[in-house]
Colleague: 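To start, I am sharing the structure in question, which I have written as structure tokens.
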Amino acid sequence: MSVTALKTPGVAPKTAPEGAAHDVEPENYINTNWNISSWLLTGDHKRIGVMYLIAITFIFALGGLAAGMVRFELTAPRGQILSSEAYNKMFSAHGILMVFFFLVPSIPASLGNFLVPLMIGARDLAFPRLNLLSWYLYMIGALMTLGAIVFGGVDTGWTFYTPYSSIYSNSNVALAIMGIFLAGFSSIFTGLNFIVTIHKMRAPGMTWFRLPLFIWSMYATSVIIMLGTPVVAITLLLVVVERTIGLGIFSPELGGDPVLFQHMFWFYSHPAVYIMILPSLGIINELIAASCKKRIFGYPFVAFSNLAIAVFGFIVWGHHMFATTQSMYSSMVFSVISFLVAIPSAIKVFNWVTTIYKGSVEFSAPMIYAMSFIGLFVIGGLTGLFLAALATDVHLTATYFVVAHFHYIMVGGALTGFLGGLHFWWPKMTGRMYPESWAKVSAIILFIGFNVTFFPQFVVGYVGMPRRYHFYAPEYQIWHIMSSAGASILAVGMIIPAFYFLWSLKNGPKAGRNPWGAIGLEWSHADSPPIPTNFAEIPIVTWEAYEYSPDAHAVAYADREDVFVGSDGEIDGAPQSVLSGEKVQNK
Amino acid sequence: MGEFPVRPVAASTYADDVDKLFFVLLALTLIFTVVTISVLIYLAVKYRRGAKVDRSDAHDHNTTLEIAWSAGPLVLALAVFLWSAKLFASVYAAPANAKEVFVIGKQWMWHLQHANGIRENNELHVPIGQAVKLTMISQDVIHAFYVPEFRLQRHVEPGHYSTMWFTPTRVGKYHLYCNMYCGTQHSEMGGWVYVMSREEYSKWYASGGAKAVAVGGLNTPNGGLSMAQAGAALFQQYQCASCHSGDAVKRGKGPSLVGIYGTNRQLANGKTVKADDGYLRNVLYYPNEYTLKGWPQGMPSYRNLTEEQVLQINAYVKSLSGVTTPNLSAQVPGPAGAKTNQNNAGAALVPGAVDTDGGSPDVKAPAADTDNQQWRYMYGGEQYK
């Protein structure tokens, strides 16, 4: 039964017919209809994913420029060209754009949108029009906030602490916040769509424990989005209410409580860290499994660690407030739970490393990104313990140590994972390969540049350099110069991919259906690029996730007839070495 | 440039303790990172595609292993938590003999006042070996009082008092920062903490302090009042005594303030609140929320008082309960002895010695610092002007 399911006649003809029509591409989601309105009014999750990808790339470039200005300004203790006011607006722009308009939507809205239906064997998300609405809300929100930043600026930092944001700041706080408010709803719609889709639209036979781990991470992320985002939305709205009509909520002068804002803000914004990192953790599973041709070690532990992180993530917000007037006992409770979050994160790392054991490791660009992710995530995670520990946090909080720590998680983790995923699924999205040697070089440049940029910030933070400082003591300068030099290396590592990705769109070699020889419905059952309805026929899943057989030694799977025949029949264009289905009898 | 700082001086008792924890965490981090990354690279290279290695008997799960590598880090994590929590609790437990200094943060300046009336802007002078407790409040946005060499910081919030304490252990001049983003000149809101030897401190104190200024802008004949004395003067000026007696005599309109500090107060709404510093402050600003049981006529609000004046009135009210605000100078043996206050007063009243940019906390924030004077003071080694 399974064999028939896998060898459905509808699947095979969709690949390029041999010889004859080499210039006529088969229909796919891109060439099916080219006019603008077919994109702007599309319900196709793949097109919306691509539209998101373009939008967030643009935002990322702007946020990166702001970061570049900040780093340039900090090369001298008295600054270079900016006034303090302009500097404050610059780092605020960097934080607001990167957090709310890049990191939060990055993987879920672009790769997630594209991949969730493909990976679970569905034709689209549950609510295609809601999905499109989410993109429009994101665009409107982004334009409002960008407008606030460009025409006058915002100087509160991305955290919008009251009463500075609600009473004292003279910048465009209200407009920027309303933009974030709208973008929040775009996240909520995406999360809702994912939850319903993952629950209700899995292909026949795609049980929960046959899901790729990326889907588990998307699911956990969506739960956090649904529970957390409404809270930050209302919190920011309350800031606008206090700011515009003077209703006292956070300002003590109006009878409010400024610390209340921090509780409400971090109730979302700490889980938001997991909204940013969980999708990357999910991607790394896919990259490692496909590059090592091996099932992820301890699948159920890794799957549940996502949910553990999602749950614990909601009860640690107070660790951002150890230096406030929060009670000592509250701080202790938040601290111990923060230590507990480290455990599911550690479980993931150990499982990845163990997956490599006896695997068949191909040093492809995605694998290099995955390895670089693991290294940076370990450092980012462990330095988090310095901040979860109450006593050291009282010294380190709000210094550059914190800046370095969260950039290791957000850039070293979330962004590296995103880029790794983009390299992995680019052939699926565009049907083209990029030059792999360039990709490997840029991944290594990125890794080096990243460490040179952010490692010095740990040191200067421990020495006592506060964050968000325009001017600083001259003795810190050497570290800032190193950091800024690293930032320019980092920039090179990010610009190179932009060039070869664009180049590949026209000139890249055709990828074929499964260039990595990976297991997963998006590889085995969908074209590159996929047809508008994803699958000619909905596949019936009869195998476990990641049922790779790296070579003849995979004893456990040797006699799983269904899998081998299936994989063998479906993997076209894969390197010969991975066509494991050769059915080598072991022993 | 040319400097290559990797570790700030540890200049308080707490700093030494924190550094021990910090370096243990650092060692754990290094071990975990190096081991994980080495194993990762070793395995990846060993099992690279095409390598002729034994791949037989590969497993994809091992529950014992999973439990082991969850439990191991868990035990370590909890141990680190307990250590750090114990240390953190000490941050909240100021010793009984700690001397008090009062801090007001505002955009973009620190005002400090010693119990004896010495006032400083952006500077704090303390003698070595003496526990010092800071009671802090902000006039506008949230600030944070941060001294890296003490490894300590605490937010300074509008609306309620926060406290921190330290015992300096090393003579020196240390950065004082605002470490909570507070607006345009956030990076210039700071100055220096001077930890002085006992002798130096006595000299500084006897000279009235480098930055001593008259108290609260009050026109008092003697000047240089202690905080409690200044509070008493305000008590007179606002005619608080027409309702509240400063002695045990009940005058009818309001309760006597003698002995109330630290007691529980019964409110008309049925709640009970403890009469601590925060209570004394809030009663002045929002008396309607604290109407006392048995005193239905209430009290007008004194919102026009500055935070500094409130601190002074508090000091006076506390003195009525026999609580004398511990004064830094009291501990310090010095030739000036009892005369100190007098000398101090004289210095403070010399025309021109009165600090112009911060005589009273409600003075408007200084104009934009175009010539970077504050920068030169904070970072360029210049003396405060």
Side-chain angles (χ1 to χ4, degrees), chain A residues 77-78 84-85 88 157 161 163-164 168 252 258 295 297-298 301 323-325 328 332 335-336 339 342-343 346-347 349-350 353 356-362 371 374-375 378-379 382 385-386 389-392 394-395 398 459 463-464 466 468-471 473-475 477-478 550-551 553 577, chain B residues 1 3-6 8 18 21-22 25 29 32-33 36-37 39-40 43-44 47-49 55-56 58 60-61 66 69-70 73-74 77 80-81 84-85 87-89 91-92 140-142 144 148 151-155 157-160 162 175 177 179 181-188 375 379:
Chain A
R78 294 179 72 158
S84 287
E85 191 186 348
N88 295 344
Y161 267 27
Y164 184 70
Y168 286 86
R295 180 174 160 85
F297 191 84
F301 285 89
T324 68
T325 49
M328 179 183 81
M332 286 179 177
S335 169
V336 73
F339 275 102
I343 309 303
I347 288 176
V349 171
F350 294 145
V353 173
I356 297 173
Y357 177 64
K358 299 203 170 178
S360 171
V361 183
E362 185 186 7
M371 291 176 69
I374 294 176
V378 166
I379 298 174
L382 288 168
L385 298 183
F386 291 72
L390 297 151
T392 38
V394 171
H395 169 46
V459 183
V463 172
R468 295 176 170 173
Y469 259 36
H470 181 210
F471 301 140
E475 63 260 30
Q477 189 180 11
I478 185 75
D551 53 31
H553 309 294
S577 61
Chain B
M1 281 293 274
E3 288 175 275
F4 211 69
V6 290
V18 165
L21 177 59
F22 181 90
L25 274 169
T29 301
F32 266 98
T33 308
T36 310
I37 294 179
V39 172
L40 175 74
L43 288 177
Y47 293 102
R48 69 191 178 277
R49 181 110 358 124
R55 292 192 173 87
S56 62
D60 64 5
H61 66 278
E66 297 280 353
W69 67 40
S70 308
L74 182 65
V80 171
F81 163 74
S84 94
L87 212 50
F88 183 67
V91 173
Y92 287 82
D140 37 47
V141 301
I142 301 175
R151 309 284 190 275
L152 272 173
Q153 64 185 306
R154 182 64 52 191
H155 280 199
E157 294 163 2
H160 44 274
S162 56
H175 286 291
Y177 292 126
N179 199 17
Y181 176 69
C182 61
T184 309
Q185 282 167 253
H186 169 55
S187 66
E188 294 167 89
W375 188 91
Y379 305 122

Colleague: Can you tell me which portion of A/Tyr161 sits under 4.5 Å from chain B's heavy atoms? Options are side chain, backbone, both or neither.
Modeller: side chain
Colleague: More than 12 foreign heavy atoms under 6.0 Å from OH of A/Tyr168: is that the case here?
Modeller: yes
Colleague: Would you name the heavy atoms of B/Ala85 and A/Met332 that are closest together and state the gap between them?
Modeller: O-CE, 3.4 Å
Colleague: For the residue pair A/Ala391 and B/Ser84, what are the closest heavy atoms and their distance?
Modeller: CB-O, 3.7 Å
Colleague: Would you say the side chain of B/Glu188 lies within less than 4.5 Å of the side chain of A/Ser84, judging by non-hydrogen atoms?
Modeller: yes
Colleague: Would the distance check show the side chain of A/Thr392 and the main-chain N or O of A/Phe386 forming a donor-acceptor pair, the cut-off being under 3.5 Å?
Modeller: yes
Colleague: Counting only non-hydrogen atoms closer than 4.5 Å, does B/Phe22 touch chain A with its backbone (N, CA, C, O), its side chain (CB onward), both, or neither?
Modeller: both
Colleague: Under a 4.5 Å cutoff for heavy-atom pairs, which residue among B/His186, B/His61, B/Arg48, B/Glu66 has the most contacts with chain A?
Modeller: B/Glu66
Colleague: Give, as side chain, backbone, both or neither, the part of A/Ile356 having an atom under 4.5 angstrom from any heavy atom of chain B.
Modeller: both
Colleague: Sort out for me which of B/Thr36, B/Leu40, B/Leu21 touches chain A most, counting heavy-atom pairs under 4.5 Å.
Modeller: B/Leu40
Colleague: Side chain, backbone, both or neither: which part of B/Ala44 has a heavy atom under 4.5 Å from chain A?
Modeller: both
Colleague: Using heavy-atom distances under 4.5 Å, tell me whether A/Ile343 contacts chain B through its side chain, its backbone, both, or neither.
Modeller: side chain
Colleague: If you count heavy-atom pairs within less than 4.5 Å of chain B, which of A/Val378, A/Ile347, A/Leu382, A/Val394 leads?
Modeller: A/Val394
Colleague: Return the option, out of B/Asn179, B/Leu87, B/Val18, with the maximum number of heavy-atom pairs under 4.5 Å with chain A.
Modeller: B/Asn179
Colleague: Quick check on B/Leu152 against chain A: is it the side chain, the backbone, both or neither that has a heavy atom closer than 4.5 Å?
Modeller: both
Colleague: At a heavy-atom distance under 4.5 Å, which candidate from B/Val91, B/Ile37, B/Ile142 has the highest pair count against chain A?
Modeller: B/Ile142
Colleague: Can you give me the closest heavy-atom contact between B/Arg154 and B/Phe88, atom names plus distance?
Modeller: NH2-CE1, 4.4 Å
Colleague: Below 4.5 Å, heavy-atom pairs only: which of B/Asp140, B/Val80, B/Thr33 has the largest tally toward chain A?
Modeller: B/Asp140
Colleague: Taking every non-hydrogen pair under 4.5 Å, which of B/Gly159, B/Pro8, B/Ala144 racks up the most with chain A?
Modeller: B/Pro8
Colleague: If we only count heavy atoms from C-beta on, is the A/Asn88 to A/Arg468 side-chain gap below 4.5 Å?
Modeller: no
Colleague: Less than 4.5 Å apart, any side-chain heavy atom of B/Arg55 and any of A/Ser360?
Modeller: yes
Colleague: Under 4.5 Å, counting heavy-atom pairs only, tell me which of A/Gly464, A/Ala323, A/Pro77 racks up the most with chain B.
Modeller: A/Ala323
Colleague: Of the non-hydrogen atoms in A/Ser335 and B/Phe81, which two are nearest, and what is the gap between them?
Modeller: OG-CD1, 3.3 Å
Colleague: If I measure from the heavy atoms of chain B, does A/Ala342 come under 4.5 Å with its side chain, its backbone, both, or neither?
Modeller: neither
Colleague: Aromatic ring centroids of A/Tyr164 and B/Tyr181 under 6.0 Å?
Modeller: yes
Colleague: How about B/Tyr177 and A/Tyr469: are their ring centres within less than 6.0 Å of each other?
Modeller: yes
Colleague: Can you tell which part of B/Gln153 gets under 4.5 Å to a heavy atom of chain A, answering side chain, backbone, both or neither?
Modeller: both
Colleague: With a 4.5 angstrom heavy-atom cut-off, could you sort out which part of A/Phe301 is near chain B: side chain, backbone, both or neither?
Modeller: side chain
Colleague: Under a 4.5 Å heavy-atom cutoff, which of A/Leu390, A/Val459, A/Leu385 has the most pairs with chain B?
Modeller: A/Leu390
